[in-house]
Visitor: 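Supplied in structure tokens, the structure appears directly below.
Side chains included, hydrogens not; waters and symmetry mates left out as well; all remaining heavy atoms used. All values reported here derive from a predicted model rather than from experimental measurement.
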Amino acid sequence: MGFDFPIGLPVAYGSASGLADFRAALRAFGSAPYAQWFDVAEHRDEISIHRPFYPMRPGGTQRQHLFDAFNIEDLSDLLRRCERATAVCGDACMLFWTLGGNQVGKAAITGWREIIIPNLDDVVLWPFDGTLSELMKSGATIVAEPSLRRAF
């Protein structure tokens, strides 16, 4: 199954969270200390490793607030490798930004919470659980994020 929402986390976030891998992260999100992980921060002071999505609504919000909360200087630290600029297209929108037509954060929240997590024990995640050819041989349902940008 291919879905039009991000599947995976930026490396910098994954390292800062201390979670072992994406599957472990999915199991943690929604319970302590990540109980508010799916709740979009309304104010910049609410952004944290345990509540990374921002902003809830427009008005005085800036992407810089995410950079400040995560103590990073460069947008690329909040991009997954497949979201970074290539020779044919610019950077995609970062996972945790939830405002505007280019945002993907709310789609990730919905897709992960309502589709992937309830079925986590019954699906395999590409590319996290193996190569596509390995996963196809398993006969399991493969969840993937098809993308023309993907460059593994």
Side-chain angles (χ1 to χ4, degrees), residues 1-41 46-56 63 65-67 69-152:
M1 290 183 274
F3 291 100
D4 189 17
F5 55 78
I7 299 175
L9 294 162
V11 171
Y13 176 85
S15 298
S17 73
L19 296 165
D21 55 40
F22 184 54
R23 192 172 276 277
L26 290 170
R27 291 191 191 287
F29 297 155
S31 56
Y34 293 92
Q36 290 187 300
W37 200 84
F38 293 112
D39 299 336
V40 178
E46 297 173 339
I47 304 167
S48 73
I49 200 77
H50 299 111
R51 191 177 183 184
F53 292 98
Y54 176 80
M56 174 61 81
R63 291 183 178 158
H65 297 163
L66 284 168
F67 303 158
F70 294 121
N71 197 29
I72 61 168
E73 296 181 22
D74 191 328
L75 165 69
S76 66
D77 287 335
L78 286 181
L79 293 177
R80 298 172 306 143
R81 184 173 37 173
C82 61
E83 295 168 332
R84 294 186 180 157
T86 67
V88 295
C89 60
D91 288 330
C93 186
M94 65 184 123
L95 172 67
F96 299 127
W97 187 252
T98 59
L99 189 62
N102 191 29
Q103 67 84 18
V104 296
K106 290 182 181 171
I109 290 170
T110 300
W112 297 4
R113 183 176 50 200
E114 296 178 19
I115 297 171
I116 296 179
I117 292 173
N119 297 293
L120 195 56
D121 293 332
D122 301 317
V123 299
V124 292
L125 306 171
W126 179 77
F128 306 100
D129 293 332
T131 67
L132 192 53
S133 61
E134 291 169 342
L135 298 178
M136 289 175 71
K137 289 176 189 172
S138 75
T141 299
I142 303 167
V143 176
E145 172 191 356
S147 173
L148 296 175
R149 301 180 56 90
R150 190 164 302 281
F152 287 102

Visitor: On a heavy-atom basis, which atom in Thr98 and which in Gly105 lie closest, and how many Å separate them?
Guide: CG2-CA, 3.9 Å
Visitor: To the closest 0.5 Å, what do you measure between CD (Glu145) and CZ (Phe3)?
Guide: 11.5 Å
Visitor: Between OH of Tyr54 and CG of Leu66, what distance do you get to the nearest 0.5 Å?
Guide: 7.5 Å
Visitor: What pairs of residues pass the salt bridge (Lys or Arg N to Asp or Glu O under 4.0 Å) test when at least one of them lies in residues 122-133, not counting sequence neighbours?
Guide: Arg23-Asp129
Visitor: Might you confirm whether atom CG of Asp4 has over 12 heavy atoms from other residues, nucleotides or ligands at distances under 6.0 Å?
Guide: no
Visitor: Give me the atom names and distance for the closest heavy-atom approach of Ala25 to Leu9.
Guide: CB-CD1, 3.8 Å
Visitor: Measure the shortest side-chain to side-chain distance between Asp121 and Arg27 over non-hydrogen atoms and say whether it is less than 4.5 angstrom.
Guide: yes
Visitor: Could you check Leu135 against Leu125 for side chain to side chain contact (heavy atoms under 4.5 Å, CB included), going step by step and ending with a plain yes or no?
Guide: CA-CA 9 Å; Leu135 298 178; Leu125 306 171; over 6 Å; no
Visitor: In residues 32-39, what donor-acceptor pairs under 3.5 Å come from side-chain atoms, sequence neighbours left out?
Guide:
from	atom 1	to	atom 2	distance (Å)
Tyr34	OH	Ser17	O	3.3
Trp37	NE1	Tyr13	OH	2.8

Visitor: Which heavy-atom pair separates Pro10 from Leu95 by the least distance, and what is that distance?
Guide: CD-CD2, 3.9 Å
Visitor: So, for Gly130 and Glu134, which heavy atoms are closest and what is the spacing to 0.1 Å?
Guide: CA-OE1, 3.5 Å
Visitor: Return the CG to CZ distance between Asp21 and Phe128, rounded to the nearest 0.5 Å.
Guide: 9.0 Å
Visitor: What heavy-atom pair brings Ala144 and Trp126 nearest, and what distance separates the two atoms?
Guide: CB-CE3, 3.9 Å
Visitor: Find out whether Phe70 and Ser48 are in side-chain contact, i.e. whether some heavy atom of one side chain is under 4.5 Å from a heavy atom of the other.
Guide: no
Visitor: Can a donor-acceptor pair be found, under 3.5 Å and without considering hydrogens, that links the side chain of Asp77 to the backbone of Ile72?
Guide: no
Visitor: Supply the atom-to-atom distance Phe96 CZ to Ile47 CD1, rounded to the nearest 0.5 angstrom.
Guide: 11.0 Å
Visitor: Rounded to the nearest 0.5 Å, how far apart are CG of Leu75 and CE of Met94?
Guide: 5.5 Å
Visitor: How long is the gap from OG on Ser133 to CE on Met136, to the nearest 0.5 Å?
Guide: 8.5 Å
Visitor: Is there a side-chain contact between Arg63 and Cys93 in this structure, where contact means two heavy atoms from C-beta onward sitting under 4.5 Å apart?
Guide: yes
Visitor: Under 3.5 Å, side-chain donor or acceptor atoms of residues 108-120 against the rest of the protein: list the pairs with distances, not counting sequence neighbours.
Guide:
from	atom 1	to	atom 2	distance (Å)
Thr110	OG1	Lys106	O	3.1
Trp112	NE1	Pro6	O	2.6
Asn119	ND2	Ile115	O	2.7

Visitor: Identify the two heavy atoms, one from Ala24 and one from Leu19, that lie closest to each other, and give their separation to 0.1 Å.
Guide: O-CD2, 4.5 Å
Visitor: Any heavy-atom pair between the side chains of Ile7 and Val143 that's under 4.5 Å?
Guide: yes
